[in-house]
Trainee: 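What follows is a single structure, and I will ask about it in a moment.
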Amino acid sequence: MKFHRTAALVASLALAGTASAITIDADYDHASLESFSVAGAGGRPGTTTYVDLVGRDNYYGNGQWRWLNFTASDVLGDNVVFRISDNFAGGGSKLNNHAMVYSYDGVNWDYFDNNQRSNGTYSFSIDGGFTQDEVQVAYAFPYSYGMSVAHTQEVLASPWATPTLSGDANGVIGMSPGGTDDLGRTVDPREIFAYRITDPATDSGRQQKLKVMVMSGLHAGETLGTHTYQGLIDFLISDDPVAAHLRQAAEFIAYPCANPDGRFAGNSRTTVENVGTDPNRLWHPDLYATHQDIRVQAEAMYLDITQTSADLSYFIDFHSTVPTGGDDFGFIPFDQGDHLSPFWQSLLAIQPNIQSSNSTGTSWYTTNHAEAFLGAEVDVTFETQFGFQRPLDYYHDMGRNFGLAFADSLGIPIDLIAGDANSDGVVDLVDLSILAANFDSFGTFEQGDFNVDGVVDLLDLSILAANFQPVSTPEPASFLLGLAALIAGTRQRVC
Ligand SMILES: [Zn+2]
């Protein structure tokens with residue numbers, strides 16, 4: 001049984017005489033599959049069910065697909081082998097050393113145990129059969145449009161994020177155009193978001209802040225880039241004292257999902273409006289004049305960058321790619337010395353497996369646009385790689401390392417621990433005594449101002465208490481004694 005370009009790619013396949021019926025759904029946010037067929041005596045003990053998949057061939061042509069995401073139901077206990085053509089035209093398969101992922105809850109993902117290429121077919125399966133009845137299967141860790149919406153709301157709820165000049169109260173900078181996708185489905189226009197992250201208390205300070213612009217999600221299937229982007233953003237709005245220092249010295253203008261239609265529709269790479277055009281070749285006013293999908297965010301960037309007078313120091317566009325022989329890398333123009341910039345050098349020191357690749361392309365990428373029209377001094381297209389079987393946390397941690405690298409490049413110590421005033425690696429009575437000595441007065445992190453708001457107060461005491469590390473049994477008691485003395489002292493001052 002086969003489906004081809006159906007409006008709703010949902011089917012229930014009951015095989016006569018067998019105990020099992022496998023259902024596959026690929027008609028939801030970010031899902032992608034063109035068709036499938038089932039063979040084998042599914043569900044019978046000791047037998048194998050083969051599910052043959054056809055990936056969607058949008059943009060690349062010649063049978064190429066580069067995004068896969070669907071949900072299979074009624075798989076409990078089944079020994080299922082998924083098979084798909086690995087036909088990537090123009091050379092060897094890009095599925096070398098690749099591994100598909102699966103999840104029972106859409107949050108926790110595992111790699112398939114067996115990932116094999118043979119005679120133009122890529123097959124993947126797990127040992128021992130599925131342990132739940134429904135499983136989500138994907139090419140790499142998915143990042144749906146809905147996840148960007150939810151994360152944007154979470155970010156804007158933080159005291160450190162606000163909509164940009166071009167955005168409304170919900171951070172919406174405009175609508176995508178929508179359209180009809182390659183499966184004939186109507187894709188409705190969707191909201192495009194932006195936000196600015198900084199410490200607003202220091203906006204009117206005498207010193208200009210380092211200005212950074214980041215974006216992700218332009219190529220629809222490049223989800224690891226958006227996971228890395230989220231890792232950076234989560235760090236920037238966190239209680240980490242390094243982030244608190246960074247927010248005072250830098251401002252981040254961020255665009256989480258540049259291609260809502262393509263991501264929602266499960267496209268490999270392009271937008272829905274222009275399925276035949278690489279959206280990362282259109283970032284010039286003459287080119288995007290006829291491409292609403294690009295124009296909305298480009299024009300928002302022109303306005304958003306004027307909120308403060310500082311020049312744009314860094315522009316980073318988070319992508320991901322198939323393995324090209326090396327590790328995660330940044331396309332960065334060597335001829336302008338961008339690879340020698342303080343941030344990039346800090347990043348390489350913090351995460352040494354990251355590589356630099358000379359960017360010489362003259363197409364109208366987001367980066368060349370940022371350089372020519374936004375005045376970016378340093379521009380990077382960052383490419384995380386599918387294919388190393390790394391856990392999802394790796395990508396979030398890498399995003400955090402981007403934040404640490406910005407802090408490091410500004411001279412902010414990056415090994416600060418909340419509550420550790422003397423930076424000896426442990427939060428203890430010494431730190432409490434430092435805080436007590438400066439309580440109820442202006443101070444620095446080294447004097448007990450752990451949330452870096454300029455004063456040493458009860459908020460800092462609660463941070464210290466939350467991170468207090470007793471080194472011996474009497475210490476909690478002495479901590480409480482110290483705390484009592486401190487609060488007694490506070491009362492005296494109030495009186
Ligand atoms: Zn890309």
Side-chain angles (χ1 to χ4, degrees), residues 30 32 55-56 58-61 64-69 88 90-91 94-95 98 138-145 148 176 192 213-232 254-284 287-288 291 293-294 297-298 315-333 354-371 379-388 395 398-399 402:
H30 193 36
S32 187
R56 276 165 62 194
N58 49 47
Y59 178 64
Y60 273 100
Q64 290 200 37
W65 54 274
R66 208 176 278 199
W67 179 243
L68 180 74
N69 181 12
F88 288 97
K94 297 296 199 318
L95 288 168
H98 189 79
Y139 180 82
F141 307 123
Y143 202 109
S144 66
Y145 171 72
S148 282
S176 66
I192 306 176
M213 186 178 278
V214 295
M215 64 175 284
S216 85
L218 181 59
H219 287 145
E222 299 179 3
T223 60
L224 298 185
T226 306
H227 283 294
T228 306
Y229 165 94
Q230 185 185 322
L232 167 61
Y255 302 82
C257 185
N259 179 5
D261 296 345
R263 186 149 280 183
F264 182 87
N267 282 8
S268 286
R269 187 171 178 88
T270 65
T271 65
V272 170
E273 183 182 41
N274 291 293
V275 77
T277 308
D278 187 328
N280 200 18
R281 305 291 186 274
L282 296 170
W283 289 74
H284 184 286
L287 299 173
Y288 63 64
H291 292 260
D293 43 10
I294 305 302
Q297 183 171 313
F315 176 87
I316 301 173
D317 186 3
F318 288 93
H319 288 242
S320 44
T321 186
V322 292
T324 50
D327 210 316
D328 301 327
F329 68 96
F331 276 124
I332 186 165
I354 290 176
Q355 301 175 346
S356 309
S357 178
N358 189 12
S359 170
T360 56
T362 55
S363 298
W364 286 105
Y365 310 124
T366 57
T367 44
N368 285 341
H369 172 262
E371 195 182 312
D379 56 84
V380 184
T381 302
F382 193 75
E383 300 280 0
T384 48
Q385 300 213 30
F386 292 128
F388 289 106
Y395 300 98
M398 183 159 58
F402 273 70

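We count ligands from 1, going down the list as the structure has it; atoms in each ligand are counted the same way. Count residues from 1 along the sequence. Heavy atoms only: backbone and side chains are in, while hydrogens, waters and symmetry mates are out.
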Trainee: Could you please tell me which protein N, O or S atoms lie under 2.8 Å from the Zn ion (ligand 1)?
Mentor: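 Sorted hits: His219 ND1, Glu222 OE1, Glu222 OE2, His319 ND1.
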Trainee: Can you give me the closest heavy-atom contact between Asn358 and Phe331, atom names plus distance?
Mentor: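 For Asn358 versus Phe331, the nearest heavy atoms are O-CD2, 4.5 Å.
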Trainee: Asn267 vs Arg56, test: side chain to side chain donor-acceptor pair (under 3.5 Å). Steps then yes/no.
Mentor: CA-CA 8 Å; Asn267 282 8; Arg56 276 165 62 194; 3.2 Å; yes
Trainee: Which of these passes side chain to side chain donor-acceptor pair (under 3.5 Å) with Tyr143: Arg263, His227, Gln230?
Mentor: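 Only one option passes, and that is Gln230.
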Trainee: Establish, yes or no, whether a centroid distance under 6.0 Å links the rings of Tyr139 and His98.
Mentor: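 Centroid distance Tyr139-His98: below 6.0 Å, so yes.
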Trainee: Could you tabulate the donor-acceptor pairs under 3.5 Å formed by side-chain atoms of residues 360-367, not counting sequence neighbours?
Mentor:
unit_1 : atom_1 : unit_2 : atom_2 : d
Thr366 : OG1    : Asp317 : OD2    : 2.6

Trainee: Quick one: closest heavy-atom pair of Phe315 and Ala370, and the distance?
Mentor: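 So the two residues come closest at CG-CB, 3.4 Å.
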